[in-house]
Amino acid sequence: MRLLWPLLLLAAPLYALPNVGPLDGTQGPSLPAVGMPMLAAEEELPNTTLPLRLEELGLYDAALLEWARIEASTRGPERTQALQRLMILSELIGQPTAAQAYETQWRELNPTAPLPSELYYVRYLMGQPSTDVEASLRTLASTAPDDYYSVLMRWDAVWNEAILTGKINRTYNLPAAAQLQERLKFLHAKEVADYMLAVGLAVIPGLGHLFLQQWALAAVLLLGWAVFGLAFLSACRHRHYAYAFVWALPFVGLWLNSPLAAAQAAEAAARQARVNAMTTWQDLRPTFIPAT
């Protein structure tokens with residue numbers, strides 16, 4: 001008996017082993033699945049394929065509604081993109097008030113970022129006041145100097161100013177503006193020389209226009225001035241002073257206004273010559289790409 005108790009104590013743990021059932025090859029009960037904890041909230045990303053496709057088809061009203069739905073149901077970068085497209089589409093369909101409201105919301109999310117280049121491009125094409133355009137272009141020059149649309153818009157503004165005035169007052173930090181200025185200097189020198197010579201020759205009505213190769217107008221002015229002058233001299237010779245006074249008025253009027261008319265014609269000719277010359281400068285001429 002003394003030896004039996006130690007044996008029983010040693011065999012007691014064997015009875016505590018798990019019971020796996022009969023070893024007959026049958027399938028036992030399945031254990032319940034362990035649930036995974038939810039570590040972060042899941043959010044479905046918006047599908048922007050539809051509104052972008054509507055924009056490609058020119059259905060701006062439908063695209064605007066779709067972007068508005070996305071903007072109302074998203075946050076973060078997706079909402080920023082939706083607000084950006086809403087601004088642009090509102091400008092395209094002629095709703096500046098709505099565009100301003102979307103711009104205010106966009107600015108709240110991006111207080112220091114520049115406005116999208118596409119929006120500046122749309123506004124520029126839609127004929128905004130010159131002061132607003134200049135302010136937008138200056139902003140682009142400082143905040144998005146290398147952006148494609150930014151460079152395109154700024155260069156288009158420089159080019160248009162050169163065509164209209166023959167000079168460049170605002171380069172908007174574009175290196176090509178210096179090259180355009182050098183070419184305009186040669187045109188300006190010729191313009192000044194032609195202007196002075198046309199006005200000087202216009203002392204005799206018609207000669208200034210003849211120098212500018214405006215043959216028909218030159219012939220009319222020169223012939224009319226000669227006819228009035230001969231009529232005045234003939235009336236004076238026959239002592240018809242009343243007739244002489246009548247013929248003297250157009251004769252003197254043509255003579256006094258001839259330099260002014262020649263100056264205006266020279267300016268118009270210089271402007272047309274500048275346009276024709278700049279049209280041939282394909283290496284500097286801006287390329288127009290529609291805003292999308």
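- Taking each heavy atom of A262 and L212 in turn, the nearest pair found is O-CD1, 4.0 Å.
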(request) Using the side-chain contact (heavy atoms from CB on, under 4.5 Å) rule, take W155 and L284 through it: C-alpha gap first, then chi angles, then the decisive distance, then the call. (result) CA-CA 9 Å; W155 183 241; L284 295 177; 4.1 Å; yes
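- Among all heavy-atom pairs drawn from I70 and P51, the shortest one is CD1-CG, 3.9 Å.
- Using a 4.5 Å cut-off on side-chain heavy atoms (C-beta onward), R154 and V158 make no contact.
- Of all non-hydrogen atoms in A202 and S258, the two that sit nearest each other are O-OG, 2.8 Å.
- Two different hydrophobic clusters hold L164 and Y195 under the rule that ILVMFWY side chains link at heavy-atom gaps under 4.5 Å.
- There is a path of hydrophobic side-chain contacts, each under 4.5 Å, that joins L207 to V252.
- With Y102 as reference, L83 is the one residue of L89, T97, L83 to meet the side-chain contact (heavy atoms from CB on, under 4.5 Å) rule.
- Listed here is the closest heavy atom pair of L109 and R79: CD1-NH1, 3.4 Å.
- L86 and L64 get closest at one heavy-atom pair: CD2-O, 3.4 Å.
- Note on L254: it does not cluster hydrophobically with V246, by side-chain heavy-atom contacts below 4.5 Å among ILVMFWY residues.
- Distance check: W215 CH2 to L210 CG gives 5.5 Å after rounding to the nearest 0.5 Å.
- Without hydrogens or angle criteria, W255 side chain to V203 main chain gives a donor-acceptor distance under 3.5 Å.
- Note that OG1 of T48 is 10.5 Å distant from CZ of R85, once rounded to the nearest 0.5 Å.
- A donor-acceptor contact shorter than 3.5 Å links the side chain of Q282 to the backbone of T279.
- Taking both residues in full, the closest heavy atoms of L184 and A162 are given as CD1-CB, 3.7 Å, listed atom of the first, atom of the second, then distance.
- No continuous path of ILVMFWY side-chain contacts below 4.5 Å connects Y241 to F228, so the two sit in separate hydrophobic clusters.
- Between the side chain of R274 and the backbone N or O of A277, no donor-acceptor pair lies under 3.5 Å.
- Taken to the nearest 0.5 Å, the CE atom of M87 stands 12.0 Å off from the CH2 atom of W67.
- Between F232 and F251, the ring-plane angle classifies as parallel under the 30° and 60° cut-offs.
- Atom-to-atom distance recorded for E191:CD and R271:CZ is 9.5 Å, nearest 0.5 angstrom.
- Under the 4.5 Å side-chain contact rule for hydrophobic residues, V199 and V192 share a cluster.
- Rounded to the nearest 0.5 angstrom, L65 CG and D61 CG are separated by 7.0 Å.
- The backbone N or O of C236 lies less than 3.5 Å from no partner atom in the side chain of H240, so there is not a single donor-acceptor pair.
- Atom CZ of R183 sits about 9.5 Å away from atom CE of M278, to the nearest 0.5 Å.
- Annotation: side chain of Q105 is in contact with side chain of E71 (closest heavy-atom distance under 4.5 Å).
- Shown here is W159, whose CH2 atom has more than 12 heavy atoms of other residues, nucleotides or ligands within 6.0 Å.
- Contact annotation: the side chain of R237 never approaches that of L233 to less than 4.5 Å [non-hydrogen atoms, C-beta and beyond].
- When atom types are taken as modelled, the side chain of E161 and the backbone of N169 share a donor-acceptor pair closer than 3.5 angstrom.
- Side-chain contact check for L230 versus W247: every heavy-atom pair is 4.5 Å or farther apart.
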